[in-house]
Asks: 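Encoded as structure tokens, here's the structure I'll be asking about.
Note that these values count all heavy atoms, side chains included, but never hydrogens, waters or copies made by symmetry.
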Amino acid sequence: MLFETQDETEWRVHLCHLRAGPERIDWAMTRIDTLCGRLVQPTTYRLSLFVPDLAHDPGREQSDH
């Protein structure tokens, strides 16, 4: 997970900084979740990065170790 907040304004500001910043993010490898809150839990905004599963990568050689 790259970032998580329950404050919508903080969420929007963080995304704007990421888009405008010098560090480039592969947006195709990101996941944006909005976990809808209820009366007991507030809404949560989450930005995650997909990580490839190298153990199941068909192009990777299998080790005997």
Side-chain angles (χ1 to χ4, degrees):
M1 178 174 7
L2 297 175
F3 183 74
E4 181 178 85
T5 185
Q6 294 176 343
D7 183 320
E8 186 176 1
T9 301
E10 182 182 20
W11 169 250
R12 292 182 185 281
V13 167
H14 185 76
L15 288 179
C16 284
H17 284 299
L18 286 176
R19 289 182 180 126
E23 182 179 329
R24 294 293 171 214
I25 292 178
D26 182 0
W27 291 102
M29 293 299 292
T30 60
R31 176 179 169 152
I32 296 176
D33 293 302
T34 303
L35 309 172
C36 295
R38 299 289 186 262
L39 295 176
V40 230
Q41 294 181 316
T43 299
T44 302
Y45 306 92
R46 183 181 295 164
L47 177 66
S48 303
L49 184 64
F50 287 110
V51 179
D53 184 3
L54 297 179
H56 294 96
D57 183 358
R60 184 173 174 226
E61 290 185 30
Q62 295 295 323
S63 173
D64 293 336
H65 301 271

Asks: In sequence, state the C-alpha distance, the side-chain angles, and the governing distance for Phe50 and Asp26, and then conclude on side chain to side chain contact (heavy atoms under 4.5 Å, CB included).
Replies: CA-CA 10 Å; Phe50 287 110; Asp26 182 0; over 6 Å; no

Asks: Quick one: closest heavy-atom pair of Glu10 and Phe3, and the distance?
Replies: CG-CZ, 3.9 Å

Asks: Quick one: OH on Tyr45 to CD1 on Ile32, what's the gap to the nearest 0.5 Å?
Replies: 12.5 Å

Asks: How close do Pro42 and Gln6 get, heavy atom to heavy atom, and via which atoms?
Replies: CG-OE1, 3.2 Å

Asks: Starting from Val51 and following side-chain heavy-atom contacts under 4.5 Å between hydrophobic residues (I, L, V, M, F, W, Y), which residues can be reached?
Replies: none

Asks: The test is side chain to side chain contact (heavy atoms under 4.5 Å, CB included); show your working for Thr43 and Glu8 and say whether it passes.
Replies: CA-CA 9 Å; Thr43 299; Glu8 186 176 1; over 6 Å; no

Asks: Kindly compute the distance separating NE2 (His17) from CZ (Arg12), expressed to the nearest 0.5 Å.
Replies: 14.0 Å

Asks: In Å, rounded to the nearest 0.5 Å, how long is the span from NE2 of His14 to CZ of Arg19?
Replies: 10.5 Å

Asks: Which atoms form the tightest heavy-atom contact between Gly21 and Arg24, and what is the distance?
Replies: O-NH1, 3.5 Å

Asks: Going only through I, L, V, M, F, W and Y residues with side-chain contacts under 4.5 Å, is there a path from Ile25 to Met29?
Replies: yes

Asks: Considering residues at least two apart in sequence or located in another chain, which fulfil the side chain to side chain donor-acceptor pair (under 3.5 Å) criterion with Asp33?
Replies: Arg31

Asks: Could you state the interatomic distance from CG (Leu18) to CG (Leu2), rounded to the nearest 0.5 Å?
Replies: 8.0 Å

Asks: Of the non-hydrogen atoms in Trp27 and Leu47, which two are nearest, and what is the gap between them?
Replies: CZ3-CD1, 4.3 Å

Asks: Give, for atom CZ of Arg46 and atom OG1 of Thr5, the distance between the pair rounded to the nearest 0.5 Å.
Replies: 11.5 Å

